[in-house]
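A quick write-up on the structure given underneath.
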Amino acid sequence: MAKLPILTAPDPQLKKKSQPVEKVDAEIRKLMDDMLETMYEAPGIGLAAPQVGVLKRVIVVDVAKEEEEPQPHRMANPELVWVSDEDNSYQEGCLSLPEHYADVVRPAAIRVRYLDQENEIREMEAEGLLATCIQHEIDHLDGVLFVDHISALKRNMILRKLLKAKKAAAEATV
Ligand code: NI
């Protein structure tokens, strides 16, 4: 396994739409494993392939608490086949928007269909943090960031700060 560099906003790659995976083969399985390693090291609870510069519809998620056994989910071509009428609000963060958080409202429960690491079609129901996290990661596959769900005022403030931090980091390495 290998740890991959994570792209941070603003970055045009993060706004692009990812392509479906034709088949979960050895290459996609390696991508899933590398993404999980990258996510655990960050640390984070979810990661989408475009965040590591790969425009493929692949996500990994693990919302288990530190004292619990890991519960990694590897998903290719995830799609929501049902969402609840009831909504939930969570304070979301993102490895591509480090140190920024905002309350985002999404459906409280979902049913997701995906290809697992063996290329089998699976469906899973999720609620709570897991449902939020899966929706957040699927958004990444369509070039949508959590800040796209909040007011333009707040979004622009966060993106301006991230740009400033990026410029400062670039200048420091010159
Ligand atoms: Ni994210």
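Values in this document were obtained by computation on a predicted structure and should not be read as measured data. Order of appearance sets the numbers: ligands from 1, and atoms from 1 within every ligand.
One finds no salt bridge joining Lys3 and Glu37 here, because no Lys/Arg side-chain nitrogen approaches an Asp/Glu carboxylate oxygen to under 4.0 Å.
In this structure, a donor-acceptor pair under 3.5 Å is absent between the side chains of His73 and Asp116.
Taking 2.8 Å as the limit, the number of protein N, O or S atoms around the Ni ion (ligand 1) is 3.
Evaluation of the side-chain hydrogen bond (donor to acceptor under 3.5 Å, both in side chains) rule for His100 yields no partner, not counting sequence neighbours. Annotation: side chain to side chain contact (heavy atoms under 4.5 Å, CB included) contacts of Lys23 (sequence neighbours excluded): Asn119.
Under the 4.5 Å side-chain contact rule for hydrophobic residues, Leu36 and Val24 share a cluster.
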Got a list of side-chain donor-acceptor pairs under 3.5 Å for residues 40-54, not counting sequence neighbours?
from: Tyr40; atom 1: OH; to: Asp62; atom 2: OD2; distance (Å): 2.5
from: Gln51; atom 1: OE1; to: Ala48; atom 2: N; distance (Å): 2.8
from: Gln51; atom 1: NE2; to: Ser96; atom 2: OG; distance (Å): 2.9

